[in-house]
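Only one structure is covered here, and it is reproduced in the block below.
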There are 2 protein chains.
Amino acid sequence: MFEYVMTEKMPSRSHCPINYALESFGDKWTLLIIRDLMFNGKQSYGELLTSDEKISTNILADRLKRLEDLDIVAKGADASNRTKVIYSLTPKGRDLLPIMLELTEWSGKYDAQTEAPKSFLKHLENDKQRLIEIIRSGWDAS
Amino acid sequence: MFEYVMTEKMPSRSHCPINYALESFGDKWTLLIIRDLMFNGKQSYGELLTSDEKISTNILADRLKRLEDLDIVAKGADASNRTKVIYSLTPKGRDLLPIMLELTEWSGKYDAQTEAPKSFLKHLENDKQRLIEIIRSGWDAS
DNA sequence: CTGTATCCTTAGGGATACTG
DNA sequence: CAGTATCCCTAAGGATACAG
């Protein structure tokens, strides 16, 4: 039987930067995982399974693997608990923050159903750059 | 036979703003259409068909319909040519610009294959806010 | 030129059982 | 807890022919 060679890269459709972003996380699930790691304090496989959108186990495993290959997410062991697996964002993953903030701002402006509080969105609009710097310095400190 | 009622809304998975963005344009094609309308001066169905990524006719028609429903793209008639159809971005669509710029910047930073010139990316990093204002004022003038 | 329609194949993904 | 494996089904999408 033919074994699929994982090291083969998907052929990319073009070298456009928008297309690169789409091929990295242009599906219905990947950005939700990144959101949970970035904003919702989730670190473990089990925690990532519990989001509102109800990702299934096989999809989550597949996406985490992809994100590791792309060096957006890193997999490590918990220092205090050797058996526990911890996922975290790499620098490349953390650099998605401005994108996440713009997505949040746009949806907050146009989706009446959004759960993001208006006060947060207002703050975002005014102090986006400072917000980015604050969160980044928080990471550097840790 | 059962007729699918187009006015039925897709049930949304959650009220998270990231999820709203994903359900608006979280697929492999939509953002490429927006890119072509926003940056590449394309206006017609035929022009939109000719991009590097080779979208097929049925997919293009489907996405344009969705984008119209979402009020991101508007369909109009060419003033000088009554038979020609013109697509353009609505204000909601133009508000995707900051997202597009962040996507471009991120890909430019991490994709060695990107076609965006480094000089453009450097300029983007330094003068993003001014760039947004310049392009916005251009639209307002037209 | 601007789409529709159809055919057909593959990829995505839900449900769930199972394993170290 | 952290995944794998399997089953099965639907949506996504390529190719292409056709229509107004």
Side-chain angles (χ1 to χ4, degrees), chain A residues 1-4 6 8 10-14 19 22-33 36-37 42-69 73-78 80-88, chain B residues 1-4 6 8-14 19 22-33 36-37 42-69 73-88:
Chain A
M1 298 299 294
F2 178 73
E3 295 264 324
Y4 181 72
M6 290 291 289
E8 272 181 42
M10 281 276 127
S12 121
R13 297 179 296 181
S14 74
N19 188 56
L22 288 175
E23 292 183 354
S24 298
F25 49 79
D27 69 280
K28 298 276 182 200
W29 293 109
T30 302
L31 278 185
L32 298 178
I33 297 171
D36 287 343
L37 293 172
K42 303 196 176 181
Q43 305 194 100
S44 69
Y45 192 88
E47 287 167 347
L48 291 168
L49 272 179
T50 66
S51 298
D52 284 353
E53 296 88 2
K54 303 263 167 227
I55 193 168
S56 59
T57 66
N58 49 349
I59 304 297
L60 177 58
D62 175 81
R63 293 307 187 278
L64 286 172
K65 210 168 294 169
R66 277 204 87 229
L67 286 169
E68 252 193 284
D69 289 345
V73 162
K75 184 178 185 170
D78 191 342
S80 64
N81 182 348
R82 296 293 308 259
T83 71
K84 195 171 184 188
V85 178
I86 288 292
Y87 291 97
S88 63
Chain B
M1 298 298 296
F2 178 71
E3 295 263 325
Y4 183 71
M6 291 291 289
E8 272 181 41
K9 288 237 180 94
M10 282 275 127
S12 121
R13 297 179 295 181
S14 75
N19 187 56
L22 287 176
E23 292 184 354
S24 298
F25 49 80
D27 69 280
K28 298 278 182 197
W29 293 110
T30 302
L31 237 35
L32 299 178
I33 296 171
D36 287 343
L37 293 172
K42 303 195 175 182
Q43 303 193 102
S44 69
Y45 191 88
E47 287 167 346
L48 291 169
L49 272 179
T50 66
S51 297
D52 284 352
E53 295 88 3
K54 303 261 167 229
I55 193 170
S56 59
T57 66
N58 49 347
I59 304 297
L60 177 58
D62 175 82
R63 293 307 188 278
L64 285 172
K65 209 169 294 170
R66 278 203 87 229
L67 286 169
E68 252 193 285
D69 289 345
V73 162
K75 184 178 185 171
D78 191 343
S80 64
N81 182 348
R82 296 292 310 257
T83 69
K84 195 172 184 187
V85 177
I86 289 292
Y87 291 98
S88 63

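- A straight line from CG of B:Leu64 to P of C:dC1 spans 16 Å, rounded to a whole angstrom.
- Between the P atom of C:dT2 and the CD atom of B:Gln43 lies a distance of 11 Å, rounded to the nearest Å.
- Here the P atom of nucleotide C:dG3 and the CG atom of B:Asp62 are 13 Å apart, to the nearest Å.
- The distance from atom CG of B:Asp62 to atom OG1 of B:Thr57, rounded to the nearest 0.5 Å, is 11.0 Å.
- If you check D:dT4, C:dG3, D:dA15 against the side chain of B:Ser56, the one that comes closest is D:dA15.
- The heavy-atom pair separating B:Arg66 from B:Glu23 by the smallest distance is NH2-O, 2.9 Å.
- Using a 4.0 Å heavy-atom criterion, one finds that A:Asp27 contacts no nucleic acid atom at all.
- The interatomic distance linking A:Asn58 (CG) with C:dA11 (C1') rounds to 13 Å, in whole Å.
- Going from atom CZ of B:Arg63 over to atom C1' of C:dG3 covers 16 Å, rounded to whole Å.
- For the pair A:Ile59 CD1 and D:dT4 C1', the interatomic distance rounds to 13 Å; values are reported in whole Å.
- Residues satisfying the salt bridge (Lys or Arg N to Asp or Glu O under 4.0 Å) criterion with B:Asp27, sequence neighbours excluded, are B:Arg63.
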(request) With side-chain contact (heavy atoms from CB on, under 4.5 Å) as the test, would you mind laying out the steps for B:Gln43 and B:Tyr87 before giving the verdict? (result) CA-CA 5 Å; B:Gln43 303 193 102; B:Tyr87 291 98; 5.9 Å; no
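- C:dT2 atom P lies 6 Å from atom NZ of B:Lys84, rounded to whole Å.
- One distance of note links CD of A:Glu47 with CD1 of A:Ile86; it measures 7.5 Å at 0.5 Å rounding.
- An OP1 or OP2 oxygen of C:dT4 is reached within less than 4.0 angstrom by no side-chain nitrogen or oxygen of B:Tyr45.
- To the nearest angstrom, P of D:dG3 lies 13 Å from CD of A:Glu47.
- Rounded to the nearest 0.5 angstrom, B:Asp36 CG and B:Leu32 CG are separated by 7.0 Å.
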Polar pairs (N or O, both sides) under 3.5 Å between protein and nucleotides 17-20 of chain C?
none

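- Residue A:Trp29 places none of its side-chain N or O atoms closer than 4.0 Å to OP1 or OP2 of C:dG12.
- Within the 4.0 Å cut-off from OP1 or OP2 of D:dG14, not a single side-chain nitrogen or oxygen of B:Lys28 is found.
- With hydrogens and angles disregarded, no donor-acceptor distance shorter than 3.5 Å links the side chain of A:Lys75 to the backbone of A:Val85.
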